[in-house]
2 protein chains.
Amino acid sequence: MVTMHDVAARANVSVATVSFVVNGTKPISPATTSRVEQAMRELGYRRNPVGAALARGRTKIIGMLYPALQRPLSGTVGGFFTSAAVRAQERGYQLVLWPISNESDEAMALADTGLVDGVLLMEVQLNDNRVPALVQGRTPFALIGRTADPEGLAYVDVDFGATVTTAVETLVALGHRDFCLVTGGSRAGRFEEHGPAERSRAAFLADIEAAGLTGAVRYCLEDSREGRAFGRAFRDEHPDVTAMLLLNEHAAPGIVIGLREAGVRVPEDLSIISLGSSAHMANMVDPALTFLRSPADELGRLGVDTIIDRIENPDAGLPAVLIPCEMVPGGSIAEAPGRA
Amino acid sequence: MVTMHDVAARANVSVATVSFVVNGTKPISPATTSRVEQAMRELGYRRNPVGAALARGRTKIIGMLYPALQRPLSGTVGGFFTSAAVRAQERGYQLVLWPISNESDEAMALADTGLVDGVLLMEVQLNDNRVPALVQGRTPFALIGRTADPEGLAYVDVDFGATVTTAVETLVALGHRDFCLVTGGSRAGRFEEHGPAERSRAAFLADIEAAGLTGAVRYCLEDSREGRAFGRAFRDEHPDVTAMLLLNEHAAPGIVIGLREAGVRVPEDLSIISLGSSAHMANMVDPALTFLRSPADELGRLGVDTIIDRIENPDAGLPAVLIPCEMVPGGSIAEAPGRA
DNA sequence: TTGAAAGCGATACCAT
DNA sequence: ATGGTATCGCTTTCAA
């Protein structure tokens, strides 16, 4: 490996000088600069980030912590990751996706050892033991998502309350009065921990009550086969429901197929709005779903901005951003049956 | 930050001794060991991997290089990544997903600087300029996928030839004689570079010719809306085709929806086999697709084993593994029309 | 079994 | 505008 020493020797300067031209840390005469640059070129020098990291205490790397084992990487995460990676590069950082388990130790062990300058935590649960662990450490972090009480934390998240309200209002305007919210979650029994599902549920129940409507809440695993079974059984279990809010894009195609198998027509018999989805997923379903678009790209960018700001300016205020989803028309909603 | 010095001082030993107990490098008396361990506990010591990496020249980190900007992370990649991450951990490494562009420089710049011990290259193209760049460097690497001529490279890949042959044989046995292969690719004009598509195409044409059948090859962008348009137009463009091989799981639901809109029934009028897909994706379609299961998990594991073997034993042989997809029954194939 | 000390590669302070 | 050098945290050889 070619080191700064080699370059320095070749250019007849000191390592300090080489470092200065490499980093632009201090003014160096054009003559020396070009001599050094030529030496680097000839030798094929490439700065060793490990050495730099040790000396500087910074790596210019941001770790996006993702519980890959519990929650297989899907297209949604891909959206976050891609936009976040682009933004990081724009700001001179590298973003890497780091798989961790849900246990707190691992997150810390990585975060707190200097390998990354900061950490972006994904799939935050309402009661997430990784968060207190990170608070204890000295590595800056930010959340994509938020805990039950995100006071004092830097986060960006979807505004599920506003999103649900938009959906409910849209359907109420079409005459619907009997609702069902279907959320997801990758393993039974831990749904209460899932922020998006839980926040949507709370907003849903509040909206329903405020408007004097009826509303059930159901869970369905995030898998198309589960969706099929769920859809097949739905009408029998909820004969009166005419409007469904679906926070489960992976099960959505299966659910609609199951409904059709059971003789339920969408949207004539049942209107559906998919919450937090994308055009690609919505068009996998027939009819194409009316959906509220997840602001994945915006959140990815904002998340990166947030964590970098915290790294570079730890004393600034704590950003807390909520972005609502925006309605995209589709073919899955109609006037309530017997009203047209 | 608590360093080894702090621990050493607290335990009244030298830093060398602390290092020995931390790494188990040398035998240390039980008494000293427990004194050191207690000191570590009391101080909350955590070894700094940057320092370790610099001293040792190894980081125990494997970088999975992925062109996230060109090819948004999807569920398929998630499968690779998850199984690969698990396997890496089992073998004492960390696996991180590193977004890179398709340009060679970036891959190298990262790989060749000591931040990662080895590199796993994803989405390898037939003619991939990142590969010669990696060959020049001194960082071990392996491919998931392979170039046109993978001689001398370590790789694991799907056996597309065998997969296509299985599909064709299955359909021929049902009396089909007019085929169409539909592949994907995220941007027009670069399909020739896409290994899976190109290898499938070659195998397809060879099988078709050998059996005296007719076979068209079409491309469709990997998006459900594109799939819908494609499906709608298909019958007019290929009135005689009764059997479709589909190497494009993201467009699959849209294609079937489009076909139905155009009055084409699956499987009565047209049989479909999806190549390299998963149960989850196959069940997003109605009828559930008959598919050849992508060995994503196996490839992820094997890829990691391969790169770690190369890191730890560079002189061993170059593994070159091909795994065929395995048939999973579904509802999308039937006897050729007018044959039953 | 334990310790002293020489690096690993780069940074940045203090001189010149 | 340059250079000498201590330093970052840890590993590892060589001695004791």
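For the numbers below, each heavy atom of this structure counts, side chains included, while hydrogens, waters and symmetry mates do not. Worth saying up front: this structure is predicted, and the values here are computed from it rather than measured. Convention: sequence-line order gives letters A, B, ...; per-chain numbering from 1.
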Please report the distance, rounded to the nearest Å, between [atom1] in [X] and [atom2] in [N].
X: B/Arg58; N: D/dC10; atom1: CZ; atom2: C1'; value: 15 Å
X: A/Met40; N: C/dG9; atom1: CE; atom2: P; value: 17 Å
X: A/Tyr45; N: C/dG9; atom1: OH; atom2: P; value: 10 Å
X: B/Leu54; N: C/dA6; atom1: CG; atom2: P; value: 17 Å
X: A/Asp117; N: D/dC8; atom1: CG; atom2: C1'; value: 15 Å
X: A/Ile28; N: C/dT11; atom1: CD1; atom2: P; value: 13 Å
X: A/Asp6; N: C/dC8; atom1: CG; atom2: C1'; value: 13 Å
X: B/Met4; N: D/dT12; atom1: CE; atom2: P; value: 10 Å

Reading DNA chain C from 5' onward, which residue's closest nucleotide shows up sooner: B/Phe20 or B/Arg56?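 The 5'-side residue here is B/Phe20.
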Quick check on [N]: is either OP1 or OP2 less than 4.0 Å from any side-chain nitrogen or oxygen of [X]?
X: A/Ser19; N: C/dA12; value: no
X: B/Asn48; N: D/dC8; value: no
X: A/Ser29; N: D/dA1; value: no
X: A/Arg47; N: C/dT11; value: yes

Would you check if [X] and [Y] make a side-chain contact, meaning some heavy-atom pair closer than 4.5 Å?
X: B/Leu115; Y: A/Ile61; result: yes
X: B/Phe141; Y: B/Leu143; result: yes
X: A/Tyr66; Y: A/Pro99; result: no

Would you mind telling me which residue lines up with the more 5' stretch of DNA chain D, A/His5 or A/Pro27, judged by nearest nucleotide?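 The residue closer to the strand's 5' end, by nearest nucleotide, is A/Pro27.
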May I ask you to check whether A/Asp128 and A/Thr147 show a side-chain donor-acceptor distance below 3.5 Å?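 No pair is found: no donor N or O on one side chain lies under 3.5 Å from an acceptor on the other.
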Test item: B/Asp117 side-chain N/O and B/Lys60 main-chain N/O as donor-acceptor pair under 3.5 Å: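 Here the side-chain-to-backbone pair exists.
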Main chain of B/Val13, side chain of B/Thr17: is a donor-acceptor contact present, judged purely on distance under 3.5 Å?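 Here the side-chain-to-backbone pair does not exist.
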Can you tell me which nucleotide in [options] comes closest to the side chain of [X]?
X: B/Thr25; options: D/dT12, C/dT11, D/dT11; answer: D/dT12
X: A/Lys26; options: C/dC14, D/dT11, D/dT5; answer: C/dC14
X: B/Ser14; options: C/dT11, D/dG9, C/dA4; answer: C/dA4
X: B/Val13; options: C/dG3, D/dC8, C/dT2; answer: C/dG3
X: A/Val15; options: D/dG9, D/dT5, D/dC10; answer: D/dT5
X: B/Thr17; options: C/dT2, D/dT12, D/dC10; answer: C/dT2
X: A/Ala16; options: C/dG3, D/dT11, D/dT5; answer: D/dT5

Classify the nucleic acid contact of A/Asn12 as base, sugar-phosphate or nothing, counting any heavy atom under 4.0 Å across all strands shown.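 Here A/Asn12 touches the backbone only, sparing every base.
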Going from CG on A/Leu121 to CZ on A/Arg146, what distance comes out if it is rounded to the nearest 0.5 angstrom?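 Going from the CG atom of A/Leu121 to the CZ atom of A/Arg146 covers 14.5 Å.
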Around B/Gln136, counting heavy atoms of other residues, nucleotides and ligands shown, do more than 12 lie under 6.0 Å from its CD?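 Not buried by this count: 12 neighbours or fewer within 6.0 Å.
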DNA chain D: stems of at least 3 consecutive Watson-Crick or G-U pairs whose donor-acceptor distances fall under 3.5 Å: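 Correct response: C:1-16 with D:1-16.
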